[in-house]
Amino acid sequence: MRSFWDWRFHRQERKTEIDPAAFSQDGYLIHQGRLGGISYGSKTSRETGCGWIACYNFLRFMGAEEPAREVAGQMERMLLWGGRIGSHPLAVWWYLHRRGYRFRLACTRRGMDRILGKAPERTAGIIAYWHGRGAHYAAFIREAEGDRPGEEAGKLRFLNAVYGMENHRLTPEEFYRKHVRFPITMVLVDR
């Protein structure tokens, strides 16, 4: 039976299984391109699902694991314009805020460096940025120093910033230089 949301977004049927190749070895969603069968609003998650994927990855790192389909379904209810442009930045913030997370906000790379300096050693966040072909959300995580021996300090692991990249580790400066094409971003970092 079709749900209200299937009717609302004019969908015939809804695929519920996520391709296992979309996940990293440690369970994060890292390949949005493999989510073509998962609807998100009037489009598919491959086209506009980066917002809910970033929320899923953030929650997973913070230990509040919810099934990916549930995160997508809950975020879908907050879509504007049928989801044609993806998730609104305030919807991402609101979704996580309602689950008890409080954030520091930055809009530039220097601001990101500043709020990461105030954040706990082990933390996570979400960045919304313009990459040249459109807007995109990516989650990033910073494990405690002891979790990653032999690795250069200051590097973050970005999830779903480059589709399918298992271990995408960069400093904020490197990430901005390689991926961000417009200087204003939205960075949320857990307090």
Starting from [Y], can I reach [X] by hopping between I/L/V/M/F/W/Y residues whose side chains sit under 4.5 Å apart?
X: Met165; Y: Ile30; answer: no
X: Met78; Y: Ile38; answer: yes
X: Val187; Y: Leu90; answer: no

Sequence neighbours excluded - side-chain hydrogen bond (donor to acceptor under 3.5 Å, both in side chains) pairs with any residue from residues 156-165: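 Those involving residues 156-165 are Asp26-Arg157, Gln32-Asn160, Gln32-Tyr163.
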A side-chain contact here means heavy atoms from C-beta on lying under 4.5 Å apart; do [X] and [Y] qualify?
X: Met75; Y: Val92; answer: yes
X: Lys155; Y: Glu174; answer: yes
X: Pro172; Y: Leu156; answer: yes
X: Leu59; Y: Val71; answer: yes
X: Ile127; Y: Phe175; answer: yes
X: Phe23; Y: Ile18; answer: yes
X: Arg104; Y: Lys118; answer: yes
X: Glu143; Y: Ile141; answer: yes

Is the closest side-chain donor-acceptor distance between Tyr176 and Thr185 under 3.5 Å?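 Tyr176 vs Thr185: donor-acceptor pair found between side chains.
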Classify the side-chain pair Ser45/Trp52 by whether it contains a donor and acceptor separated by less than 3.5 Å.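 The answer is yes; a qualifying pair exists.
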Between [atom1] on residue [X] and [atom2] on residue [Y], distance to nearest 0.5 Å:
X: Arg181; Y: His179; atom1: CZ; atom2: NE2; answer: 8.5 Å
X: Leu159; Y: Ser24; atom1: CG; atom2: OG; answer: 7.0 Å
X: Asp19; Y: Arg46; atom1: CG; atom2: CZ; answer: 11.0 Å
X: Arg109; Y: Thr171; atom1: CZ; atom2: OG1; answer: 8.0 Å

Measure up the Tyr129 and His136 rings against each other and bin them: parallel (under 30°), tilted (30 to 60°), perpendicular (over 60°).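 If you compare the ring of Tyr129 with that of His136, the planes turn out perpendicular.
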Under the side-chain contact (heavy atoms from CB on, under 4.5 Å) test, residues paired with [X] that sit two or more places apart:
X: Leu105; result: Met186, Leu188
X: Arg102; result: His97, Arg191
X: Glu70; result: Glu66, Pro67, Gln74
X: Thr123; result: Leu116, Ala119, Pro120, Arg142, Val189, Asp190

Is there a side-chain contact (heavy atoms from CB on, under 4.5 Å) between Val180 and His131 once you walk through the steps? CA-CA 5 Å; Val180 178; His131 57 66; over 6 Å; no
Expected output: side-chain Tyr137 to main-chain Ser87 donor-acceptor under 3.5 Å: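 Yes; judged by distance alone, with no hydrogens or angles, the pair exists.
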If only atom types and distance count, is the side chain of Glu76 paired as donor or acceptor with the main-chain N or O of Gly41 below 3.5 Å?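 Yes, Glu76 side chain to Gly41 backbone: donor-acceptor pair under 3.5 Å.
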Please report the closest heavy-atom contact between [X] and [Y], naming both atoms and the distance.
X: Ala139; Y: Ala54; answer: CB-O, 3.6 Å
X: Phe61; Y: Ala124; answer: CD2-CB, 3.4 Å
X: Ala106; Y: Gly111; answer: CB-C, 3.4 Å

Just wondering, more than 12 heavy atoms not from Arg98 lying within 6.0 Å of its CZ?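 12 or below, so no.
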Which ILVMFWY residues are connected to Phe182, directly or by a chain of links, through side-chain heavy atoms under 4.5 Å apart?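 For the cluster that includes Phe182, the remaining residues are Trp130, Ile184.
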With ring pair (Phe, Tyr, Trp, His ring centres under 6.0 Å) as the test, pick out the partner of Phe58 among Tyr28, Phe103, Trp93.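 Result for ring pair (Phe, Tyr, Trp, His ring centres under 6.0 Å) with Phe58: Phe103.
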Does Arg99 make a cation-pi contact with Tyr95 (under 6.0 Å, within 45 degrees of the axis)?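 Yes.
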